[in-house]
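Below is one structure, written out as C-alpha cells, with a few remarks after it.
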Amino acid sequence: MSLLSVKNLRVSFDTEAGLVEAVRGVSFELGRERLGIVGESGSGKTMTGRAVLRLIRPPGRIEADRMAFDGQDLMRATEREMRALRGPRIAMVMQDPKYSLNPVMKVGAQLMEGLRQRDRLSRMEAHDKAIAALEAVQIRDPGRVMEAYPHELSGGMGQRVMIAMMLIPNPDLLIADEPTSALDVTVQAEVLAILDGLVRNRGMGLIFISHDLRLVARFCDRVLVMYKGKVVEELAAQDLMQAKHPYTQGLLNCLPRIGGPRQPLPGLDRNADWAV
Amino acid sequence: MSDTLAASPLTRTVKRLIGVAASLLFTFIGLLFVTFIIARIVPIDPVLSILGDRATDAQIAAERLRLGLDEPLWKQFGIYVWQALQGDFGISIRTREPVIAEIARFFPATLELATLATIFGVALGVPAGVLAATKPGSWADQIVRLVGLMGYSMPVFWLGLMGLLLFYGVLGWVGGPGRLDAAYDMMFEFEVTQRSGMILIDTALAGRWDMFANAISHIILPAGLLGYLSMAYISRMTRSFMMNELGQEYITTARVKGMPERRVIWVHAMRNVMVPLITVVALSYASLLEGAVLTETIFGWPGLGSYITDALMANNMPAVMGGTIVVGMVYIGLNLLSDILYKLVDPRART
C-alpha cells in the first residue's frame, strides 16, 4: 500500500483580486521512495507540499478527491488528528533557516520542544536525544549549538539544526521544500549529503521540492514536473534526459553546463496551453 | 558565541553599568538644560512673580541678588544643575514650600492611577489583540476594533463625566471625585504612615482595609477610564504585531512539529510580539505618568498633571520646571527599563 495517495488536489486562494488557483488537480502516489517535484516559482510545488500537511491558512482552501496518508483520510481528519500526524509521521524542512527557526528561542529549546511537550520526556532525556540528533547531522559541537540562538548560526548550521529537529520523532515522510536554495553553494552539497544519508538509512518517504531539475534527478527516484499548478510530466529520474514535454526540455536547457558551449542560454518557453 | 570578548563577565558588567550611568547623567543634564532655557525664555520675571508688582526697586534688586540672577548665564545654569542633582528644584512661589516636597505629594497619586490603568490596559488589551489577530475578520475582531475605535475617538472628559454620572450619580457603585471620601481623607492624613504616598499601598501596609476599599472605589473609575484608552492603543498594536508574527515561517515550523495552536500563539509568536510591545506599553505608561490633566480635573485627582497645569496658570515657574523635570525623568527611566527588558526578550539585541 502506498504511503501517500493524492488524487486531484486543488489549492485555491479567495483574494480580493479574484480566485487564484495555485494547485489545479495534482495526483500522485508515493511509497517509501523519493519523489521530486520540480517547477518554476509559482508553479504550485510548495503549495502541494503544504497541502499534504494541511498547513494552508485561510483564505487558502484545499480540495481533493482523495488525499490519504497511510490509509488515513487527510481531508476528513480533524485538526487534532492532523496535529498527531504532524511531527511524528510527516515532517517538513523549509527553505531558509534564518526564517524557519524561532529567533528568540534557544536552539536546544526548539529541538527539545516536541520531546518535552508531546512525549513528556524529562529534561535530561530530551537533552540527550537532541544532542544525538545534532550529532546525526554532523554538528561537531552539539552542546554549544544547543545553547545558541538561531542568529548565531550560519545558514548551513541552521539548516542542519532544522533537519535534526524534523527527524527527531522519526517521521515516515519528510517534505523537503527547497532545503538548500538559501545556502551557499559550498555547503549545499554537504547538507544534501546529510539529508540523503538520513533518509536512506531510516527508509522514510521523501518529497523533494526544488527548481533544480538536475539536482532532483540525482536525488530522487521519480520526478513530477509542475507548471502553473498542474503536473505536466511524470518520469523516472534516470529517464530525465529523454523527457518529452517541451517544458521539461526547456527547464533542462536553461541550465549552464561546465565545459559546454558558451552561447547565451535559451529562455524558457512557456505555453499556456500546456496547463489547460 | 564569539570568543574575542575574553574579558571576564564581571568587568564587562561593570563597564556596561558605567556606560549606562554616564548616558543617564548626560540625558539628565540635557533635560535640565532644556528646562533652564525655557525658564529664561518665557516672559515671566521670577523676581516679580515672587514679590508681586508693588515691590520697591531696592527689594527687587535684593531679591535678584538672592536668586543669583546677576551672575552670568552659564554660572546660573551650573548652580541650577548642582541644586537639581541634590534634589533641590527651588521653592514653590505660591506655597513657599520646596517644590520637591510638593511633587512628592502629587506624584504618587499619578503613579498609582497610571500604574493601575496600565495594568488594566495590558491585561485586557493584549488578549483582545491576540484574539483579533488569530481570527481576522471574525466577529471577535470586529468587536475589538469597534471598542478600540471608541476608545480612540471619544473625548476623555465626556467619557469621564458620563461615567461619574452613571456609576457615581445614578447607581452609586463607586466613590466620587477625589482619592478618598472626605471622612477618610483626614484619617489617612493622621492615622496611616505614608510610606509611598500611594493610598492603596499605604493602607494595605497599615492593614486599614476599610480605607483600602474606599480608595479602590475612588480609583476604579478613573483608572478604568484611562485603562480603557490605553487598552484601545495596546490591543490595536498587539493585533498588528501578532498578525505580522503569525505570517512568519517559524510559525509554520512550530505547526509542522505538531504543536497545538495555543502554544504556537502564546509561546512561539508571543515571545516575538513582546519585543515591539514593550516599547508600546512603556510609552503608553509614560504618557499616563505625565499626568492626564483632563481626567485628573474631572475626578478631582491631585496628580502631577493638575499640579503642573495649576502652577503654569499661577506663573509658578519653579513648580513648572520641577514638574517638567520629573516628567522627563519618568521618560528617561522608562526608556532605560524598556531597554533592559528588550535585551531580556530579544537575544539579537544583546550583543
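Excluded from the calculations below are hydrogen atoms, water molecules and symmetry mates; all remaining heavy atoms, backbone and side chain alike, are included. Keep in mind that this is a model prediction, so the values were computed, not measured. Chain A is the first sequence line, chain B the second, and so forth, proteins listed ahead of strands; every chain is numbered from 1.
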| request: Give, as side chain, backbone, both or neither, the part of A/I90 having an atom under 4.5 angstrom from any heavy atom of chain B. | output: backbone
| field | Heavy-atom pair count under 4.5 Å with chain B, highest-scoring of A/E113, A/Q117, A/R118 | value | A/E113
| query | Got a sec: does the CE of B/M274 have more than 12 other heavy atoms crowding it under 6.0 Å? | reply | no
| query | Which region of B/P136, side chain (C-beta onward) or backbone (N, CA, C, O), has a non-hydrogen atom less than 4.5 Å from a non-hydrogen atom of chain A, or is it both or neither? | reply | neither
| field | Closest heavy-atom pair and its distance - B/P347, A/P103 | value | CG-O, 3.4 Å
| Test item: A/K98 and B/E249 side chains (from C-beta on) under 4.5 Å apart, heavy atoms | no
| Heavy-atom distance under 4.5 Å between the side chains of B/N272 and A/N102, does that happen here? | yes
| said: So for A/R57, is it side chain, backbone, both, or neither that comes closer than 4.5 Å to the heavy atoms of chain B? | reply: side chain
| task | Heavy-atom pairs under 4.5 Å with chain B are the metric here; pick the option from A/M166, A/R50, A/E79, A/Q110 that has the most. | result | A/R50
| message | Using a 4.5 angstrom heavy-atom cutoff, name the option from B/Q248, B/R263, B/E245 with the most pairs to chain A. | response | B/R263
| task | Working to the nearest 0.5 Å, report the span between CG of A/L55 and CD1 of B/I251. | result | 12.0 Å
| remark: With chain A, the option among B/M259, B/R255, B/E261 that has the most non-hydrogen atom pairs under 4.5 Å is B/R255
| Heavy-atom contact with chain B under 4.5 Å, split by part of A/Y99 | both
| said: Counting only heavy atoms from other residues, nucleotides and ligands, does the tally under 6.0 Å from CZ of A/R10 exceed 12? | reply: yes
| Which bit of A/L53 is near chain B, if near means a heavy-atom gap under 4.5 Å: side chain, backbone, both or neither? | side chain
| note | Most heavy-atom pairs under 4.5 Å with chain B, out of A/A84, A/S100, A/P171, belong to A/S100
| note | Highest number of heavy-atom pairs under 4.5 Å with chain B among A/M92, A/M94, A/R80 belongs to A/M94
